[in-house]
2 protein chains.
Amino acid sequence: MEQNKIPQATAKRLPLYYRFLNNLNQQGKKRVSSKELSEAVKVDSATIRRDFSYFGALGKKGYGYNVEYLLGFFRSTLDQHEVTEVALIGAGNLGTAFLKYSFMKNNNIRITKAFDADWEKVGTDIDGVPIYHVDQLFEKLEDTKVVILTVPATEADNIADKLVQAGVNGILNFTPARITVPSHVRVHHIDLAVELQSLVYFLKHYPLDTKE
Amino acid sequence: MEQNKIPQATAKRLPLYYRFLNNLNQQGKKRVSSKELSEAVKVDSATIRRDFSYFGALGKKGYGYNVEYLLGFFRSTLDQHEVTEVALIGAGNLGTAFLKYSFMKNNNIRITKAFDADWEKVGTDIDGVPIYHVDQLFEKLEDTKVVILTVPATEADNIADKLVQAGVNGILNFTPARITVPSHVRVHHIDLAVELQSLVYFLKHYPLDTKE
DNA sequence: ATTAATATGTGAAAAATGTCACGACATTTC
DNA sequence: GAAATGTCGTGACATTTTTCACATATTAAT
């Protein structure tokens with residue numbers, strides 16, 4: 001639990017920095033300034049410098065940041081040297097897309113198991129990820145602590161309860177339901193309809209030229 | 001452009017309120033207090049009252065809010081009386097999931113066209129949504145101003161340019177790329193890998209019991 | 001060597017967001 | 001109809017996040 005002085009807003013940007021540093025490194029770039037990085041990730045350069053400064057002095061004045069060093073630093077900060085296994089609950093359209101979509105190319109998080117309520121799907125696998133029945137959560141989840149929830153909204157609360165009982169403490173919730181969990185469980189909501197609606201709202205009600 | 005005094009944080013919550021008010025209304029509930037709503041949407045009740053207050057005095061002391069009235073108010077505020085058409089660019093796994101996933105049940109936003117680079121898909125439709133070729137953006141996009149971007153990351157910037165030229169001013173970007181657009185175009189990023197990584201980071205580095 | 005250019009790290013200010021707590025008023029109860 | 005209860009709307013305050021702007025150090029150029 002070490003450094004919990006890092007602002008949440010900063011913490012949410014770390015994976016983003018990490019990904020772009022990886023890109024830069026693969027391109028063979030040796031150094032990068034906060035200004036350059038800013039243009040790539042679309043975050044103000046002062047914000048980037050401030051974010052980095054929470055971890056100490058990572059750069060060099062007049063030079064910028066050493067890509068390899070910074071990458072290594074974030075790799076360990078984000079625990080990317082070890083693989084984190086997550087489970088996917090609900091192998092419907094969206095869930096299946098996540099299993100097929102290898103959006104995990106640049107990081108060490110892997111979806112290693114999936115669960116579904118449909119016995120037709122149970123026993124099969126999608127892109128190598130085995131599908132179990134949701135009733136098998138307790139036996140099969142083992143020590144997976146983080147799950148991606150892509151079940152129908154009506155099932156969300158019910159399944160969430162079971163997940164919590166099975167020891168899960170992190171849920172990435174893609175259902176429109178706002179699930180109820182004990183306070184030791186962290187839920188991040190990604191609400192596709194809300195995102196789209198709020199984008200439309202901003203377009204209609206906010207002057208253009210203003211940024212998110 | 002009327003009321004741009006509403007804080008962005010508030011604006012982002014409006015669609016959420018709207019959805020839950022819809023639920024309550026369908027359940028036949030006539031009144032709701034900020035406390036009840038708070039439990040449903042998991043937003044502090046004081047925050048809810050403050051949010052609502054930006055629009056004037058919508059409630060009644062000692063009573064709460066009239067569900068039907070509030071719903072009507074938000075319906076017009078969110079322009080839900082008219083249908084907003086959006087296009088989907090990239091009918092791959094994720095894009096197809098969005099087309100099939102009717103996450104638009106409770107609102108008036110419709111995906112009416114899709115575009116893909118694969119000629120095999122062009123001419124077919126997914127759940128009634130016709131698929132055109134990305135080269136046909138100019139002819140077929142017509143006056144669609146908002147798009148959901150689910151193309152491969154490598155194509156993101158290239159396609160974004162074309163979209164902007166075709167008159168799009170709102171992009172919901174699901175690619176890991178941070179696209180570059182003129183300042184009159186609004187982009188909201190939903191970065192699945194980043195969301196998952198930051199959830200994992202929070203779990204490892206922040207004391208439990210703390211909320212997002 | 002000297003100068004010019006570059007770019008960090010941060011104190012301080014500003015802006016944005018969230019929360020507390022209470023006066024005022026409406027509703028409900030007795 | 002009086003008292004008790006419930007709940008809004010908001011001023012004041014607290015917290016979080018962003019941004020400015022510059023002293024300081026490093027590099028690059030001449």
Side-chain angles (χ1 to χ4, degrees), chain A residues 3-14 16-17 21 24 29-67 69-70 73-74 183 189 198 202 205-207 209-212, chain B residues 3-14 16-17 21 24 29-67 69-70 73-74 183 198 201-202 205-207 209-212:
Chain A
Q3 274 279 29
N4 67 339
K5 291 149 182 209
I6 285 122
Q8 303 219 356
T10 297
K12 287 193 182 175
R13 284 186 291 261
L14 296 182
L16 190 62
Y17 297 146
L21 286 171
L24 291 175
K29 253 186 154 293
K30 292 296 174 205
R31 60 186 263 192
V32 65
S33 68
S34 60
K35 192 161 162 244
E36 279 176 283
L37 197 53
S38 169
E39 278 152 25
V41 300
K42 318 289 182 197
V43 171
D44 186 88
S45 67
T47 302
I48 292 178
R49 290 200 301 280
R50 174 76 64 194
D51 282 346
F52 289 2
S53 78
Y54 292 116
F55 298 97
L58 303 177
K60 234 198 292 191
K61 300 188 181 185
Y63 177 89
Y65 301 90
N66 179 299
V67 173
Y69 173 77
L70 203 54
F73 183 83
F74 280 126
S183 61
H189 297 275
S198 76
F202 277 114
H205 297 268
Y206 284 71
D209 268 354
T210 307
K211 280 284 174 158
E212 181 191 4
Chain B
Q3 275 280 29
N4 67 340
K5 291 148 181 208
I6 285 121
Q8 304 219 357
T10 296
K12 287 194 183 174
R13 282 186 292 262
L14 296 182
L16 190 61
Y17 297 146
L21 286 171
L24 290 174
K29 252 183 153 294
K30 293 295 176 206
R31 59 186 266 191
V32 65
S33 67
S34 59
K35 191 160 161 243
E36 278 177 284
L37 198 52
S38 168
E39 278 153 24
V41 302
K42 317 288 182 198
V43 172
D44 186 87
S45 68
T47 301
I48 292 178
R49 291 201 299 282
R50 173 77 66 199
D51 282 347
F52 288 3
S53 78
Y54 291 115
F55 297 97
L58 303 176
K60 232 197 296 192
K61 299 184 179 187
Y63 177 89
Y65 301 90
N66 179 299
V67 173
Y69 174 76
L70 202 55
F73 182 83
F74 280 125
S183 62
S198 75
Y201 180 83
F202 277 115
H205 297 268
Y206 284 71
D209 268 355
T210 304
K211 280 285 174 159
E212 183 192 2

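Just so it is clear: chains get the letters A, B, ... in the order the sequence lines come, proteins before strands, and each one is counted from 1.
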* Would you mind reading off the distance between Y69(A) atom OH and dT8(C) atom C1', rounded to a whole angstrom? => 14 Å
* Asked: Using a cut-off of less than 4.0 Å, is there contact between a side-chain N or O of T47(A) and OP1 or OP2 of dT18(D)?
  -> no
* Quick one: closest heavy-atom pair of S198(B) and A11(A), and the distance? => CB-O, 4.2 Å
* In whole angstroms, how far is the P atom of dC8(D) from the CZ atom of F55(B)? -> 17 Å
* Structure fact -> Reading nucleotides 22-30 of chain C from 5' to 3' and marking B where a protein heavy atom lies under 4.0 Å of the base, S where only the sugar-phosphate is that close, and - otherwise, the string is -BBBSSS--
* Structure fact -> Between CG of N66(A) and P of dT6(C) the distance, given in whole Å, is 21 Å
* Asked: To the nearest Å, how far apart are L58(B) CG and dG9(D) P?
  -> 7 Å
* Asked: What are the two closest non-hydrogen atoms of V41(A) and I48(A), and how far apart are they?
  -> CG2-CD1, 4.0 Å
* **Distance in angstrom units between K35(A) NZ and dT8(C) P, rounded** => 10 Å
* State whether R31(B) and E36(B) are salt-bridged, where the test is any N-O pair (Lys NZ or Arg NE/NH1/NH2 against Asp/Glu carboxylate O) under 4.0 Å. => no
* Structure fact -> Rounded to whole Å, NZ of K12(A) lies from P of dT16(D) at a distance of 14 Å
* Asked: Counting side-chain heavy atoms from CB outward, which of dT19(D), dT10(D), dC20(C) is closest to D44(A)?
  -> dT19(D)
* Within the 6.0 Å centroid threshold, strictly below: F52(A) and F74(A) -> yes
* Asked: Which part of the nucleic acid, if any, lies within contact of F52(A), taking any heavy atom under 4.0 Å across all strands shown: a base, the sugar-phosphate backbone alone, or nothing?
  -> nothing
* Structure fact -> Rounded to whole Å, CG of L70(A) lies from C1' of dT8(C) at a distance of 13 Å
* **R49(B) to S34(B) - nearest heavy-atom pair and separation** => NH1-OG, 3.1 Å
* **Any donor-acceptor N/O pair under 3.5 Å between dT19(C) base and R50(B) side chain** => yes
* Closest heavy-atom contact between L58(A) and L70(A)? -> CD1-CD1, 3.7 Å
* Within the pair Y65(B) and dG9(D), is there a side-chain N or O less than 4.0 Å away from OP1 or OP2? -> yes
* To do: Select one nucleotide: of dT17(C), dG18(C), dG9(D), the one nearest the side-chain heavy atoms of R13(B).
  => dG18(C)
* To do: Select one nucleotide: of dT18(D), dG9(D), dC20(D), the one nearest the side-chain heavy atoms of A9(A).
  => dT18(D)
* Describe the nucleic acid contact of S34(B) in one word from base, sugar-phosphate, nothing, applying a heavy-atom distance below 4.0 Å. => sugar-phosphate
* **Interatomic distance, I48(A) CD1 vs dT17(D) C1' [rounded to whole Å]** => 15 Å
* What do you reckon, is NZ of K29(B) surrounded by more than 12 foreign heavy atoms closer than 6.0 Å? -> yes
